[in-house]
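Below is one structure, written out as structure tokens; the observations come after it.
Numbered from 1 within each chain, the chains take letters A, B, ... in sequence-line order.
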Amino acid sequence: MALNLKDLNSAQREAVTEIEGPCMIIAGAGSGKTRVLTYKLAYLIERGVSPYEILSLTFTNKAANEMKERVTNLTGLDANRIWMGTFHSIFARLLRFEADRIGFTRSYSIYDTNDSLNLVKRVMTELEISTESFNPAAIHGAISKLKNKLILPSEYSIKAYNAFEKKVAEVYHEYQRLLLKSNAMDFDDLLIKPLELFSRYPEILIKYQKRFKFILVDEYQDTNRAQYQLVKMLSQMYENISVVGDDAQSIYKWRGAEIQNIFDFETDFPHRKIFRLEQNYRSTGSILALAGDVIKKNRRQIEKELWTDNKKGDKVKIIETLTDKDEANKIARQIRDEIKNKKLKFSDFAILYRTNAQSRTLEESLWNSGIPYIIVGGTRFYQRKEIKDIICYLKIIVNPNDDEATLRVLGLTDGIGKTSIEKLVLIARDTGRSIYDVIYTSETNPEIKTALKKNLREIISIIEKYKTLKNEIRLSELVNGVIDEIGIISRYKSENTNEAEERLNNIEELKSAVAEFSDNTEEPTLENFLEQISLVADIDEFDSRKNAVTLMTIHSSKGLEFPVVFITGLEENLFPVSGSIANEEDMEEERRLFYVAITRAQKKLFISYSNQRYRFGVQSYQVKSRFLKEISDKVLKENVEIEKISLKDLVPVRQKKSGISYEYDNTAIKYNGYSKSLPEFEDDKFSDIKKGVKINHESFGSGQVLAVTGKGIDKKAEIYFKDLGVIKKIILKYAKMRVIQNN
DNA sequence: CTGGAACTACCAGGG
DNA sequence: GTAGTTCCAG
Ligand SMILES: Nc1ncnc2c1ncn2[C@@H]1O[C@H](COP(=O)(O)OP(=O)(O)OP(=O)(O)O)[C@@H](O)[C@H]1O
């Protein structure tokens with residue numbers, strides 16, 4: 001099949017066909033950078049490059065999977081063999097092969113943020129550093145920053161100046177020592193350890209340099225120092241490296257990303273070619289005009305002129321509301337209206353916010369309006385208590401040196417509390433052994449009391465049993481076996497609450513996830529499963545095929561596009577967020593974030609701010625964001641439409657003494673704001689509940705609608721709940737449920 | 001040692 | 001408003 005480059009404009013085509021030598025593509029928002037990368041991969045493969053020889057680094061696992069699929073479609077050849085994924089997952093995989101060189105084994109554990117923080121706390125206790133005077137989270141953050149900057153503990157202990165820094169240096173050193181001892185790496189290590197490996201063993205570096213003849217990096221503006229070093233080292237032999245990025249969309253400085261990498265590329269690769277993509281295909285003229293106007297305020301940026309052939313389109317609407325609740329209600333209503341008038345699907349809408357805490361209010365309004373929605377982010381599936389409990393047993397089976405997992409399992413075991421755990425930790429520390437090893441040999445240890453020995457036996461028997469069986473039985477048998485034997489099911493069953501029910505559902509979901517992993521993975525080992533679940537990002541789980549409104553942070557929305565976008569909470573101290581106000585660089589990053597948010601929209605954009613908002617459970621008064629005040633008169637006139645609070649939003653409230661006065665009332669506004677269209681609105685409310693639709697009910701779990709009776713507000717549905725195995729008649733206006741799948 | 005009540009820190013974002 | 005931690009009775 002011949003690749004058709006007609007789907008590219010001339011700038012894109014040039015960037016695609018330039019495959020040899022270093023190449024930097026500066027691509028404005030919506031200018032088709034994903035398309036260029038996809039075609040470049042396809043072009044390489046068509047020219048006979050083996051997928052094995054290509055290393056393609058993406059920002060999310062989801063992006064990698066989608067790109068593989070598209071390359072396969074374009075070429076008709078299997079793109080699955082390309083080394084494609086996030087930096088973290090690619091180098092985690094590479095480390096599995098080479099870990100023994102740097103003192104780890106191939107079954108090393110990956111510590112997530114929680115594990116790392118717990119380890120910091122443990123180190124602080126051990127070093128007798130008070131967690132009251134020094135915030136463990138702050139220390140952990142400081143350590144992570146140092147690691148991103150490639151500063152070693154030994155270097156830092158010389159540099160550390162004030163009391164805090166000195167404590168950080170102490171903790172950092174011990175933290176690294178314990179990670180090594182536990183055969184564990186944190187997220188930062190996944191990038192740093194390969195660098196260490198490559199510097200210490202040039203022959204290994206050469207091996208990978210030879211393998212990766214072509215290297216592509218997406219979202220280059222958000223790579224950190226370690227990531228840049230990695231691609232620089234790996235590309236040294238062939239210098240066939242393409243990086244694609246947009247300095248205006250750099251939004252991860254806070255976790256170590258360095259825009260400087262864009263400028264360094266020019267100096268480090270003097271022969272580099274530079275391509276610019278400046279035609280935007282995504283958005284209307286008005287949306288783009290606003291975006292350009294916003295980003296203009298930033299000083300530090302590469303000159304580029306983004307333009308479009310698209311129509312000017314509808315004006316961007318800026319909406320002022322009285323409260324956060326009102327903001328949410330207006331959005332819900334707007335979605336209803338748009339769907340009715342324009343034949344849009346729920347999935348055409350995205351609601352974006354600066355902080356995750358804002359999602360609750362928005363969710364409530366959508367719920368009350370009967371609009372199906374998906375929230376990206378929040379508590380991750382694999383972070384849930386019941387799931388993490390199970391995972392920790394699995395982690396010990398793979399890596400018995402994993403002290404964090406062992407500590408958690410100890411905490412779960414009946415009869416073992418603080419005192420016993422402290423005792424075991426102390427023995428482990430004194431003898432330099434892992435905690436599990438102390439447990440394993442406890443029978444013959446005179447320091448351990450008989451009662452404790454008895455309680456430890458259960459842990460030993462489960463872990464040892466599955467350690468032996470691990471390579472003989474299938475992955476799902478192993479996981480199901482562990483779940484059965486640790487008694488977690490019966491514990492939740494006996495609780496008999498909604499919460500326990502949900503936890504049981506989650507455990508079932510874990511089993512399905514294991515089964516799915518086994519079916520779709522070449523080597524479905526426990527190690528690989530654990531690695532994969534450590535590295536899933538929130539956005540990876542987002543399924544754009546589901547017909548639901550998407551709620552997410554602006555950070556998560558990077559790289560995506562939606563016909564209709566709502567950007568919420570344009571208020572001082574929220575967007576821009578409070579921490580960014582004192583510092584010009586942070587402020588510029590906030591502005592870039594606003595730019596990213598605006599440029600997600602294809603057809604229609606709504607931006608809202610509210611005068612009052614619940615924060616930390618109390619009402620607080622909010623001030624309109626400076627980002628809105630900065631918009632130029634020209635754009636305000638030509639591309640923007642403003643909707644202020646009007647008198648009709650004010651509702652009469654009975655005062656105790658004197659008659660009626662106009663003031664805002666949080667509970668009444670909902671009714672008043674909708675009063676005109678309320679009947680029709682209510683009629684629509686349950687229109688999604690139709691025969692065959694799959695729903696999820698808060699107490700009864702998932703089910704399928706068999707029949708619908710009644711009208712309007714009295715509508716009832718007969719639903720078969722498969723978890724309970726019963727059919728129930730539900731009065732919809734009281735039901736707490738939502739549609740999970742339309743048919 | 002356990003479980004629930006009381007208290008407190010939090011909400012800037014994430015692999 | 002919520003999640004995580006601490007405290008205390010049983
Ligand atoms: N040559 C082209 N002709 C028509 N449409 C195009 C062309 N190139 C890209 N597009 C469309 O433009 C839109 C944006 O493309 P893409 O998602 O690749 O942008 P991007 O550069 O990754 O944007 P961002 O950096 O903002 O995430 C997509 O809908 C894509 O299909």
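At the phosphate of B:dA12, neither OP1 nor OP2 sits under 4.0 Å from any side-chain N or O atom of A:Ser580. One finds a side-chain N or O of A:Thr419 lying less than 4.0 angstrom from the OP1 or OP2 phosphate oxygen of B:dC1. Look at A:Thr553 and you'll find a side-chain N or O under 4.0 angstrom from OP1 or OP2 of B:dG14. Residue A:Lys121 places at least one side-chain N or O closer than 4.0 Å to OP1 or OP2 of C:dT5. Close to B:dA12, at under 4.0 Å from its OP1 or OP2, lies no side-chain N or O of A:Asn356. Look at A:Arg255 and you won't find any side-chain N or O under 4.0 angstrom from OP1 or OP2 of B:dA12.
Atom NZ of A:Lys423 is separated from atom C1' of B:dC1 by 18 Å (rounded to the nearest Å). In this structure, A:Asn114 atom CG and C:dG4 atom P are separated by 8 Å, rounded to whole Å. The CG-P distance, from A:Asn583 to B:dA12, rounds to 16 Å in whole Å. The nearest whole Å value for the distance from the CD1 atom in A:Ile533 to the P atom in B:dG14 is 19 Å. In this entry the distance linking NZ of A:Lys145 with P of B:dG13 reads 14 Å, nearest Å. Straight-line distance from the CD atom of A:Glu585 to the P atom of B:dG13: 21 Å, rounded to whole Å. In this structure, CD of A:Glu541 is placed 10 Å from P of B:dG15, rounded to the nearest angstrom. Between the P atom of C:dT5 and the CG atom of A:Leu117 lies a distance of 9 Å, rounded to the nearest Å.
Scanning atom types as modelled, no donor and acceptor separated by under 3.5 angstrom connect the side chain of A:Asp112 and the base of B:dG15.
Residue contacts shown for A:Ile554 are absent, as no nucleic acid heavy atom lies under 4.0 Å away. If you check every strand for non-hydrogen atoms under 4.0 Å, A:Ser89 touches nothing. Heavy atoms of A:Glu364 sit nowhere under 4.0 angstrom from any nucleic acid atom. Among the heavy atoms of the strands, none lies under 4.0 Å from A:Gln358. As judged by a 4.0 angstrom heavy-atom cut-off over every strand, A:Arg613 is placed among residues making no nucleic acid contact. Among the atoms of the strands shown, base atoms are found under 4.0 Å from some heavy atom of A:Arg354. A:Ser420 comes within 4.0 angstrom of the backbone, heavy atoms only, and of no base.
Annotation: cation-pi pair A:Arg225/A:Tyr228 absent, no NZ/CZ under 6.0 Å from the ring centroid and within 45° of its normal. Relative to the six-membered ring of A:Phe59, A:Lys558 meets both conditions, a distance below 6.0 Å and an angle of at most 45° to the axis.
When the nucleotides C:dG1, B:dG14, B:dG15 are ranked by their closest atom to the side chain of A:Ile539, B:dG15 comes out on top.
Under the 3.5 Å distance criterion, the side-chain polar atoms of A:Tyr108 are matched with a main-chain donor or acceptor of A:Ala92.
Residues A:Asp222 and A:Ser250 bring a donor and an acceptor atom of their side chains to less than 3.5 Å of each other. Side chains of A:Asp586 and A:Ser580: a donor-acceptor N/O pair is absent below 3.5 angstrom, by distance only.
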Discussion item. Pairs counted only when both distances fall under 3.5 Å, Watson-Crick or G-U: show me the 5' to 3' dot-bracket for DNA chain B, [ ] for pseudoknotted crossings and | for other-strand partners.
Written reply: ||||||||||.....
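More than 12 heavy atoms of other residues, nucleotides or ligands lie within 6.0 Å of CD in A:Gln176, so this atom counts as buried by the packing criterion. Taking a 6.0 Å sphere around NZ of A:Lys145, one finds it holds 12 or fewer heavy atoms contributed by other residues, nucleotides or ligands.
Nearer the 5' end of DNA chain B, as judged by each residue's closest nucleotide, is the contact made by A:Ser578, out of A:Val536 and A:Ser578.
Taking the C1' atoms as reference points, C:dT5 lies 23 Å from B:dA12, given to the whole Å. With both ends at atom C1', the span from B:dC11 to C:dT6 equals 22 Å, rounded to whole Å.
In this structure, A:Trp254 forms no aromatic stack with the base of B:dA12, since the conditions of centre separation below 5.5 Å and plane angle below 30° are not both met.
One finds a salt bridge joining A:Lys193 and A:Glu196 here, because a Lys/Arg side-chain nitrogen approaches an Asp/Glu carboxylate oxygen to under 4.0 Å. Here A:Arg96 does not pair with A:Glu527 in a salt bridge; the nearest charged N to carboxylate O distance is not below 4.0 Å.
Residue A:Met552 is tested with A:Leu352, A:Ile351, A:Asn356 for a side-chain contact (heavy atoms from CB on, under 4.5 Å); the sole match is A:Leu352. Each of A:Ile295, A:Asn298, A:Ile251, A:Ile554 was evaluated against A:Tyr595; a single residue qualifies, A:Ile295, per the side-chain contact (heavy atoms from CB on, under 4.5 Å) test.
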Fill in: Reading 5' to 3' through nucleotides 3-11 of chain B, protein heavy-atom contacts under 4.0 Å coded B for base, S for sugar-phosphate only, - for none
-------BB
